[in-house]
Protein chains: 2
Amino acid sequence: MAMLSVAPAGYVVSRHALASANKCHSGAFRPTAGAARILHLRLDSVTAKPSEPATTEAVDDYLKAILELSGPEENRVTSNALAGHLGIRPASVTGMLQKLAGQRPSFIRYKKHHGVFLTDTGKHRAMEVIRHHRLLERFLHDVLDFSWDEVHDEAERLEHYISEHLEDRIAAKLGDPDVDPHGHIIPEKNGAAAVRAETVLAKWPCGVPAVISSVSDKDPAALREMKRRGLLPGASLIVEPGTRSASLAVRISGNPPARLSQELASRILVVHR
Amino acid sequence: MAMLSVAPAGYVVSRHALASANKCHSGAFRPTAGAARILHLRLDSVTAKPSEPATTEAVDDYLKAILELSGPEENRVTSNALAGHLGIRPASVTGMLQKLAGQRPSFIRYKKHHGVFLTDTGKHRAMEVIRHHRLLERFLHDVLDFSWDEVHDEAERLEHYISEHLEDRIAAKLGDPDVDPHGHIIPEKNGAAAVRAETVLAKWPCGVPAVISSVSDKDPAALREMKRRGLLPGASLIVEPGTRSASLAVRISGNPPARLSQELASRILVVHR
DNA sequence: TTGTAAATTTAGGTATGGCTAAATATTTAT
DNA sequence: ATAAATATTTAGCCATACCTAAATTTACAA
Ligand SMILES: [Mn+2]
Ligand SMILES: [Mn+2]
Ligand SMILES: [Mn+2]
Ligand SMILES: [Mn+2]
């Protein structure tokens, strides 16, 4: 039997924890081998509750993707959809899903050829990572003067590596903000998050007063254009009746009338004023 | 021929960069497979200068360890020493050294059975990571109210994952500090760092006035004790003549006379007052 | 209902970075 | 100078996570 990878009651010992102990004394437990860093060492010391399995960056990204793609109705997500979203080949997705589904307890429930959905544990972990992401974006923007088109990439990486302690400090420093710089709701520490019934601006009825609730944070160039044109969360607007072809005419409060491409309008979410 | 892992002129494309592009369009380059995240995507776009090879967290840690263990005289470092410092088996170290030494350009120079030392490129990268570490410690301490015994572990992880942009922002926010919370000198952006001739307090001559220049940041409990007893960088002290057994008697300015264990005294570095 | 196209999985490989046990080389002590 | 002790390397494995090409399902359309 090679390898003693698990500490007393099922807790995974991250390599880093040992390494930074600088010379693991005597016959200490050796962490599981392998290249991937296991995130979020949780020891809970005496309180031996099962807790969640440790995750890696890759696993975190799968969980987030499943959460996003399953939508509010919590549909099953297909391998192909995941592959597309993650920029990974479908065959690789299958491999990961099988491995995750085989874990106990598991983050996901997976049926061959019929997609995957998150267990409560999986949802919880996904929300935690999303909380990290949005808090980081808010922090980078408000405290470190990142512009709103720069925060996403940095947060996308760091979200997997900050400790719960740092998460708490950031939240405290910011006064427990509700939304990130793009208007996305920051989940509570316990994983809860309010849901808003948002509509894509491209599909919003003409003539009905709207307020921008959030915008997609994925494309920096689009974000810069939005900022330049006053399309920020909280901005009021009305879509001019008639025009709904390649672009739509929009009246943005405090700005001159403008025409938005479908492209841009599809990256903006609104709610009733 | 399987795998297209390298972009046009030898630049490594990190998986994350593609993934966050959210669906890599058409026949885009696919990143090299594997679990380890490659840090610090540098594209330099048109300016096709060779630059440094991309690193992983593991490689960064090896480079830092080699730098630390080789000391100011830049001695060769043995596999065993590295293994001990990194909490890794010697056989694993050999494997890594051989791989690194085989790269072009290489971070290290390695001769079988005769240890390893850093090339200029390796030194440069190690200094960069150390700059990240110390800036992060200063930032966590000053801006996010971490105590000085909490900063090390968090910085040890994040040092590998912050971008150059975030590094710059942190430095700017702090006003380009010279030292971290433990008194360690923060290298310049270009990799340069002043060297101080420090002496371990345990070996400092009795009766000679000294100032604490820095303390080891590895052991949180020791740090808490130091703080409690006024043993902070900048504090003046004199070792009482005579006593130099298991503990030594010390007069710390502004504090009552105290006895320090050799253990603690070995974690404190001093310079002439 | 059956055939075909699309989606998904299997099979076989790569890279990173650990580990153990068994060689081998270097050092140190006689 | 040589033998024993110590240090280091080799050989063979494991886990994570991704890829391509070749099955295999499933879904849809005639
Ligand atoms: Mn991510
Ligand atoms: Mn956002
Ligand atoms: Mn590290
Ligand atoms: Mn420090």
Side-chain angles (χ1 to χ4, degrees), chain A residues 1-6 12-16 18-19 24 27 29-39 53-62 76-84 86-103 110-116, chain B residues 1-6 12-16 18-19 24 27 29-39 53-62 76-84 86-103 110-116:
Chain A
M1 173 137 311
M3 198 157 317
L4 287 164
S5 67
V6 177
V12 174
V13 176
S14 96
R15 180 174 68 75
H16 218 78
L18 284 181
C24 24
F29 291 104
R30 292 223 141 262
T32 215
R37 167 192 272 288
I38 291 174
L39 310 166
T55 57
T56 59
E57 177 171 357
V59 170
D60 278 352
D61 286 343
Y62 274 87
R76 286 165 129 75
V77 179
T78 67
S79 304
N80 248 19
L82 275 173
L86 292 168
I88 277 174
R89 310 277 79 180
S92 305
V93 171
T94 298
M96 177 65 99
L97 294 182
Q98 291 183 338
K99 192 183 58 177
L100 288 180
Q103 285 180 182
Y110 164 68
K111 215 171 115 193
K112 256 186 183 104
H113 293 287
H114 293 283
V116 66
Chain B
M1 170 138 311
M3 197 155 317
L4 288 162
S5 66
V6 177
V12 174
V13 176
S14 96
R15 180 175 68 76
H16 218 77
L18 284 180
C24 23
F29 291 106
R30 293 222 141 262
T32 215
R37 167 193 272 290
I38 291 173
L39 309 167
T55 57
T56 60
E57 177 171 358
V59 171
D60 278 352
D61 286 343
Y62 274 87
R76 287 165 128 73
V77 179
T78 67
S79 304
N80 248 20
L82 275 173
L86 292 168
I88 277 174
R89 309 277 80 178
S92 305
V93 171
T94 298
M96 177 65 98
L97 294 183
Q98 291 182 341
K99 192 182 58 177
L100 288 180
Q103 285 180 180
Y110 164 67
K111 214 172 116 194
K112 254 184 188 119
H113 293 287
H114 294 283
V116 67

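Predicted model, so just to flag it, every value in this text is computed and none were measured. Sequence lines set the chain letters: A, B, ... in the order given, protein chains first and strands last, and positions in each chain run from 1.
Straight-line distance from the CE atom of A/Met96 to the C1' atom of D/dA17: 6 Å, rounded to whole Å. Computed from coordinates, the A/Asp60 CG to D/dT16 P distance equals 15 Å when rounded to whole Å. If you measure from atom CG of A/Leu97 to atom P of C/dT10, you get 11 Å, rounded to the nearest angstrom. Note: CG (B/Leu86) to P (C/dC19) measures 10 Å, nearest angstrom. Going from atom CD1 of B/Ile88 over to atom C1' of C/dT20 covers 15 Å, rounded to whole Å. Rounded to a whole Å, the CZ atom of A/Arg89 is 16 Å from the C1' atom of D/dA22. Taking atom CD1 on A/Ile38 and atom C1' on D/dA17, their separation rounds to 13 Å, with Å as the unit. Going from atom CG of A/Asn80 over to atom C1' of C/dA6 covers 9 Å, rounded to whole Å.
Between B/Ser79 and D/dT9, a side-chain N or O to OP1/OP2 separation shorter than 4.0 Å is present. Look at A/Gln98 and you won't find any side-chain N or O under 4.0 angstrom from OP1 or OP2 of C/dT8. Taking only side-chain nitrogens and oxygens, A/Ser92 never comes nearer than 4.0 Å to OP1 or OP2 of D/dA17. For C/dG18, the OP1/OP2 oxygens have a side-chain nitrogen or oxygen of B/Tyr62 closer than 4.0 Å.
Rounding to the nearest 0.5 angstrom, the gap separating the OG1 atom in B/Thr94 from the NE2 atom in B/His113 is 8.5 Å. With values rounded to the nearest 0.5 angstrom, B/Asn80 atom CG is found 9.5 Å from B/Arg89 atom CZ.
At a threshold of 4.5 Å between non-hydrogen side-chain atoms, the residues A/Leu100 and A/Val116 do not count as touching. A 4.5 Å side-chain heavy-atom check between B/Thr56 and B/Tyr62 finds every atom pair outside the cut-off.
When all heavy atoms of A/Met96 and A/Ala58 are compared, the closest pair comes out as CE-CB, 3.9 Å. Scanning all heavy atoms of the two residues, the minimum distance from A/His114 to A/Arg76 falls at O-NE, 2.8 Å. Summarising the geometry of B/Ile38 relative to B/Ala54, their closest heavy-atom pair is CG2-CB, 3.0 Å, with the distance given to 0.1 Å.
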Under 3.5 Å, N/O pairs linking protein and nucleotides 21-29 of chain C:
none

